[in-house]
Amino acid sequence: MKRALTFGRRRLLSNQPLQAHFLGCERSFSSNAVMIEEDEIPVRPRLESLRRKLQEEQGSPLIFRTTQTKQTQQEAKTLVKESEKSLESIIRNLEALPVPEAPLTDRFGRHHSYLRISLSERCNLRCQYCMPADGVPLQPQSHLLSNEEVTRLASWFVQHGVNKLRLTGGEPLLRQDLAQLVADLNGLGLEQIGMTTNGVTLSKQLPDLVAAGMTHVNISLDSLLPEKFARLTRRPESYHKRVMQAIEDCARLLPNQTKINCVVLPDNVDEMQEFCEMTRDMPIDVRFIEYMPFNDNQWETGGFVSYEQMRGQIVGLSRIEDGPNDTTKWWTLPGNTLGRVGFITSMSEHFCGTCNRLRITADGQLKVCLFGKTEVSLRDLMRKGGSDDLLQKVIHYSVHRKHFKLGGHKDMQDLQNHSTENRPMTLIGG
C-alpha cells in the first residue's frame, strides 16, 4: 500500500558552529559570521527575520556569521569585530605551519579529485524534499562567490589533482554570465565539467553551455506526470513540458553524458518502471536516489524508500559493473538499451569508503562532507588577502579532519536527529 507523505511546517535553523581545534583555536565559530560560545543554545529564527538580518548585512560582508543567537545590533557588531580578530589569529597560526604536500588526501587515504561548486542559493522550484514552500533566506549577492573567485578556487583545486567539476545550486542556470564562467573553467584543463539542474530553463542555454565546454548534465525530475510534478515542485504544470524538452535536447547534444536524477518517495514509487523504460530508446541514464534527511525537508522513516524496495518495483534489471569512486549502483534493462539504470543508496548502503568529493557552497564555504555540519570559509580567507599557500593549509586541515562516513553520524536516523545542524539541501548545492 502506498503511503502519503505529510509535510509539516517547521522553521528554518541554519548552520551550527564548527570547531577550530585544528587551527589552534578552541573557540567555536560558524563559517557564516558571528562568534558564539559552545554552551549557547541555538534558537530557530523566523524566515522573515533571517531575510531582514541578511539584508542589513549587505553593506559589509562578515567574516563569520550565524543566525542562531538572539542579540542586539551592538552585540552583533562586537561579535563581528571579535571574529575578525579571530580570523587574523587563525591566519597567523596557519602561517607558522608547513605547506602540506598532499592537501586533498584525508586520514583514510581517500584522494579527492571531484569538486562540486554551488553557483546560486536561488531556485525556481520548491521541491518538497529540498526546501520549505516559502523558500529559504537568501544572502545578499555580495556574500556569494564572484565568477573570479569561483575560477580562482577551481584553478587551485585543479592544480592539486581535481579533474572533475560539477556546477550546482540552488539552480545554477539562474547565474548570470554562466556560459562565460563555464568557458573560463574549461580553460583550466578539467576532464569533465558537469552541471546539475532542474532543467526548466535549460533548453535555451544548452547550446551555448556545450559550446563553452560543459560535458555532462544531470537533470532532476521526480515525476513523468505533469500534475504530480506540479505537486512535488509546488510550481505550474507547464514547467514539466520544459523539463521533458530539455531531456530530449540533452540526449541529442550530450548523448550518454546525460542523467536523470529522481528522488524516490512514496508518491512517485509507482513510476519507477516507466522511468526505466526511457533508457531503452534514449542515450540517457536514469538514477533513483534515496530520500535523505536535511534541515527542514520533513524527512521521516515512513517516507523513506530503500534501495531494496526500489529494486522490487522494477522488472527485468540486470547488474552491471560500477566505475571507480562511483556513487551509483548500475543496472540495465534486457535487450539493446541505450542507457542505464542506477541507484544512489546514501542511506541504506552508503559508499563513503571511496568518497572523492568536496563541496563549495555559493557563499564560499568548504564542506568536506554533504552530511557534515563543519564548514570553513574560503571566501573570507580570499577576501582578507589570503595566499594560495594559506588556502592550501586551510583546505588540507579541513580535508584531513573528514569523518569516515555520513559526516560523523551513525545512520540515517542519527542524521535526522541532527538535521537542523546542517543547511537545507538547496543552500549546500545538490
Side-chain angles (χ1 to χ4, degrees), residues 2 114 164 166 168 191-200 202-203 206-207 209-210 214-226 228-229 232 239-291 305-351 354 357 430:
K2 182 170 68 174
Y114 180 12
K164 182 178 178 180
R166 179 162 294 276
T168 70
E191 294 177 12
Q192 291 185 22
I193 300 177
M195 184 177 298
T196 297
T197 170
N198 59 39
V200 173
L202 178 57
S203 289
L206 183 62
L209 291 171
V210 173
M214 186 177 74
T215 62
H216 293 71
V217 66
N218 294 353
I219 299 176
S220 301
L221 177 66
D222 301 317
S223 179
L224 298 173
L225 305 174
K228 188 183 295 184
F229 170 90
L232 291 173
Y239 283 18
H240 184 265
K241 183 177 180 180
R242 298 187 200 177
V243 179
M244 298 304 294
Q245 182 61 55
I247 292 171
E248 292 183 15
D249 294 340
C250 287
R252 176 172 47 85
L253 292 180
L254 295 173
N256 300 117
Q257 293 164 222
T258 299
K259 296 181 178 69
I260 298 175
N261 289 341
C262 175
V263 176
V264 179
L265 307 165
D267 202 24
N268 63 3
V269 70
D270 58 344
E271 296 186 60
M272 293 185 69
Q273 186 73 47
E274 190 173 355
F275 267 103
C276 292
E277 295 299 327
M278 297 175 69
T279 66
R280 291 193 185 277
D281 304 316
M282 298 179 70
I284 61 173
D285 296 330
V286 171
R287 300 194 300 181
F288 299 111
I289 302 174
E290 289 182 338
Y291 184 24
V305 183
S306 70
Y307 172 42
E308 182 179 0
Q309 291 170 321
M310 292 182 199
R311 294 202 324 271
Q313 298 290 321
I314 305 168
V315 177
L317 286 178
S318 298
R319 191 74 161 91
I320 57 177
E321 186 176 357
D322 304 332
N325 301 109
D326 214 332
T327 61
T328 308
K329 295 175 173 62
W330 289 110
W331 299 69
T332 186
L333 292 177
N336 296 320
T337 60
L338 298 181
R340 301 173 295 174
V341 175
F343 300 87
I344 298 180
T345 62
S346 306
M347 298 294 94
S348 63
E349 297 182 22
H350 72 78
F351 34 80
T354 59
R357 295 156 198 80

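We're numbering straight along the sequence, starting at 1.
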## Note on the structure
side chain to side chain contact (heavy atoms under 4.5 Å, CB included) filter on T279, not counting sequence neighbours, yields V286, L333, V341
### Query
With sequence neighbours left out, what residues match D281 under side chain to side chain contact (heavy atoms under 4.5 Å, CB included)?
none
### Message
I'd like to know whether F275 forms a side chain to side chain contact (heavy atoms under 4.5 Å, CB included) with L221, so could you lay out the CA-CA distance, the side-chain angles of the two residues, the decisive distance to 0.1 Å, and finally the verdict.
### Response
CA-CA 10 Å; F275 267 103; L221 177 66; 4.1 Å; yes
### Message
side chain to side chain contact (heavy atoms under 4.5 Å, CB included) for Q245 and L202? Distances and angles first, verdict last.
### Response
CA-CA 9 Å; Q245 182 61 55; L202 178 57; over 6 Å; no
### Message
Can you tell me how far apart CZ (R287) and CD1 (I344) are? Round to the nearest 0.5 Å.
### Response
3.5 Å
### Counterpart residues, side chain to side chain contact (heavy atoms under 4.5 Å, CB included), relative to H216 (two or more places apart)
R166, Q192, Q257
## Note on the structure
dist N325:CG -> T354:OG1 (nearest 0.5 Å) comes out at 5.5 Å
### Message
For H240 and L225: C-alpha separation, side-chain torsions, deciding distance, then whether side chain to side chain contact (heavy atoms under 4.5 Å, CB included) applies.
### Response
CA-CA 8 Å; H240 184 265; L225 305 174; 6.0 Å; no
### Message
When you compare the side chain of L232 with that of L265, does any pair of heavy atoms fall below 4.5 Å?
### Response
yes
### Query
Is any side-chain heavy atom of K259 closer than 4.5 Å to a side-chain heavy atom of I284?
no
### Non-neighbouring partners of R357 that pass side chain to side chain contact (heavy atoms under 4.5 Å, CB included), sequence neighbours left out
Y114, T327, C355
### Task
Mind listing the closest non-hydrogen atom pair of V305 and P266 along with its distance?
CG2-N, 4.0 Å
### Task
Write out all pairs satisfying salt bridge (charged side-chain N to carboxylate O under 4.0 Å, His left out) with one or both partners inside residues 322-344, taking only residues at least two apart or from two chains.
D285-R340, R319-D322, K329-E349
### Query
Would you say the side-chain atoms of E290 pair up with the backbone N or O of V264, donor to acceptor, closer than 3.5 Å?
no
### Task
Using modelled atom types only, decide if a donor and an acceptor are shared between the side chain of N261 and the backbone of I219 within a distance under 3.5 Å.
no
### Task
Report yes if some heavy atom in the side chain of P283 is under 4.5 Å from a heavy atom in the side chain of T258; otherwise report no.
no
### Query
Hey, is R242 close enough to D249 for a salt bridge, meaning N to O under 4.0 Å?
no
### Message
Restricting to non-hydrogen atoms, name the atom on S220 and the atom on V243 that form the minimum distance, rounded to 0.1 Å.
### Response
O-CG1, 4.4 Å
### Message
If I compare all heavy atoms of N256 with all of L338, which pair ends up nearest, and what's the gap?
### Response
ND2-O, 3.1 Å
### Query
Under a 4.5 Å cut-off applied to non-hydrogen side-chain atoms, are K164 and I193 in contact?
no
### Query
So I289 and C262, side chain to side chain contact (heavy atoms under 4.5 Å, CB included) or not? Walk me through it.
CA-CA 6 Å; I289 302 174; C262 175; over 6 Å; no
### Query
Taking the six-membered ring for Trp, are F288 and F343 parallel (under 30°), tilted (30 to 60°) or perpendicular (over 60°)?
tilted
### Summary
In short, V263 meets N268 closest at the heavy-atom pair O-ND2, 2.9 Å
## Note on the structure
In terms of heavy-atom contacts, L224 and E271 come closest through N-OE1, 2.7 Å
### Query
Are the side chains of I260 and I247 in touch, meaning some heavy atoms are under 4.5 Å apart?
yes
### Query
Between K228 and D267, is any pair of side-chain heavy atoms under 4.5 Å apart?
yes
### Task
Taking all non-hydrogen atoms of both residues into account, name the closest pair between A251 and M282 and its distance.
CB-CE, 3.9 Å
Table please: side-chain donor-acceptor pairs of residues 307-315 below 3.5 Å, with sequence neighbours left out.
{"residue": "Y307", "atom": "OH", "partner": "W331", "partner atom": "NE1", "Å": "3.1"}
{"residue": "Q309", "atom": "OE1", "partner": "S306", "partner atom": "N", "Å": "2.8"}
{"residue": "Q309", "atom": "OE1", "partner": "S306", "partner atom": "OG", "Å": "3.3"}

### Query
Rounded to the nearest 0.5 Å, how far does CG of L209 lie from OG1 of T215?
11.5 Å
